[in-house]
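Heads up, the thing below is written out as structure tokens.
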Amino acid sequence: MGIFRKKSLVVIILALTVLSAGCMDRKTPAEEMFDKLEKVVEIEQSFEEQQEPLVKLEKEEKELYAQLIELNMDEYEKIVNLSDQAISIADKRKEHIDKEKDSIEESKKEFSGVSDIIEKIDDPELKSQAEELQSLMIERYDIHSDLYNYYSTGLSQDKELYALLKNKDLTIEELEDQVNKVNSSYKKVLDSNQKFNEKTDQYNEAKLEFYRAAGLNVKTKDNK
């Protein structure tokens with residue numbers, strides 16, 4: 001039920017191509033890398049588009065939960081109504097994180113093509129930078145996989161909690177046990193979300209450094 005925003009990739013614009021007049025139809029490995037990496041950014045636009053609605057839904061659900069815990073069984077109909085609303089919101093959140101996951105999976109598939117491009121780079125130092133860039137992105141994908149799994153578990157446990165709240169025979173012990181499960185799951189989500197954002201920042205900076213080292217005249221575009 002926490003509010004977590006995941007950082008996206010930075011859009012970088014190639015301000016000036018460095019092709020000679022006689023080789024306009026051929027690109028250097030660095031330019032091929034640029035095309036590939038910025039294609040990945042384009043693919044992850046769908047990922048970025050899920051962030052705002054997710055945060056909004058998480059906030060709405062959090063507000064419903066705050067109302068729920070203030071009620072008692074004398075207001076049972078209201079408990080059922082609010083719980084059903086919260087479950088519906090949880091289902092909508094699942095739709096958004098599934099779209100987010102699909103975007104990341106498509107990004108991962110596209111990014112796999114950098115291996116062949118890296119093999120073409122002759123400069124040892126530039127090649128090393130490209131390999132480090134590749135390593136950072138692979139780690140980012142792995143972290144997102146964990147994040148998605150933890151978030152999905154948290155969603156399921158949220159729904160179990162709302163279902164429990166509709167049980168007239170619910171005991172304090174049962175409620176506390178479920179709340180502890182939810183809190184434990186979102187602690188993992190919070191940790192993974194932080195790691196994902198840190199890795200995204202590292203990748204964005206490494207990508208910019210690679211472009212500059214390759215002699216590409218680039219500039220960043222404001223991105224959330």
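Worth saying up front: this structure is predicted, and the values here are computed from it rather than measured.
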Exercise. Report the C-alpha distance between D177 and K181 in whole Å, list the side-chain angles of each, state the deciding distance to 0.1 Å, and finish with yes or no for salt bridge (charged side-chain N to carboxylate O under 4.0 Å, His left out).
Key: CA-CA 6 Å; D177 181 60; K181 288 180 181 178; 3.7 Å; yes

Does K39 pair with D35 as a salt bridge, N-O distance under 4.0 Å? no

Hydrophobic clustering (ILVMFWY, side-chain heavy atoms < 4.5 Å, transitive) - are I43 and F47 grouped together? no

Practice item. Indicate whether the side chain of D98 and that of Y148 have a donor and an acceptor atom separated by less than 3.5 Å. Key: yes

Only residue of N81, L82, V80 satisfying side-chain contact (heavy atoms from CB on, under 4.5 Å) with D84 is V80

Margin query: Whether the side chain of N204 engages the backbone of T200 through a donor-acceptor N/O pair (distance < 3.5 Å, no angle test) should be reported.
Written below: yes

Next item on the list: Please work out which of the three classes, parallel, tilted or perpendicular, describes the rings of F34 and Y211, given edges at 30° and 60°.
Entry: tilted

Exercise. Would one find more than 12 heavy atoms of other residues, nucleotides or ligands at under 6.0 Å from atom CD of E75?
Worked result: yes

ask   = So, are K127 and D122 salt-bridged, with charged N and O less than 4.0 Å apart?
value = no

I138 with I121, same ILVMFWY side-chain cluster at under 4.5 Å | no

Exercise. When you check the gap from the basic side-chain N to the acidic O, do D191 and K195 get nearer than 4.0 Å?
Worked result: no

Closest heavy-atom pair, I87 versus A163, reported as atoms and distance to 0.1 Å, is CD1-N, 4.4 Å

- Item | Within 6.0 angstrom of K166 NZ, more than 12 heavy atoms from elsewhere | yes

Single-linkage hydrophobic cluster I172~M73, side-chain heavy atoms < 4.5 angstrom
no

As a quick check of understanding, evaluate salt bridge (charged side-chain N to carboxylate O under 4.0 Å, His left out) for K27 and E32, giving each step before the final call. CA-CA 6 Å; K27 292 187 176 182; E32 288 183 42; over 6 Å; no

Exercise for review: Assess the side chains of S185 and Q157: does a donor N or O sit below 3.5 Å from an acceptor N or O?
Suggested key: yes

Walk me through whether K188 and D146 qualify under salt bridge (charged side-chain N to carboxylate O under 4.0 Å, His left out). CA-CA 9 Å; K188 293 177 182 177; D146 289 339; over 6 Å; no

Salt bridge (Lys or Arg N to Asp or Glu O under 4.0 Å) test vs E48 passes for just one of K7, K6, R5, K99, namely R5

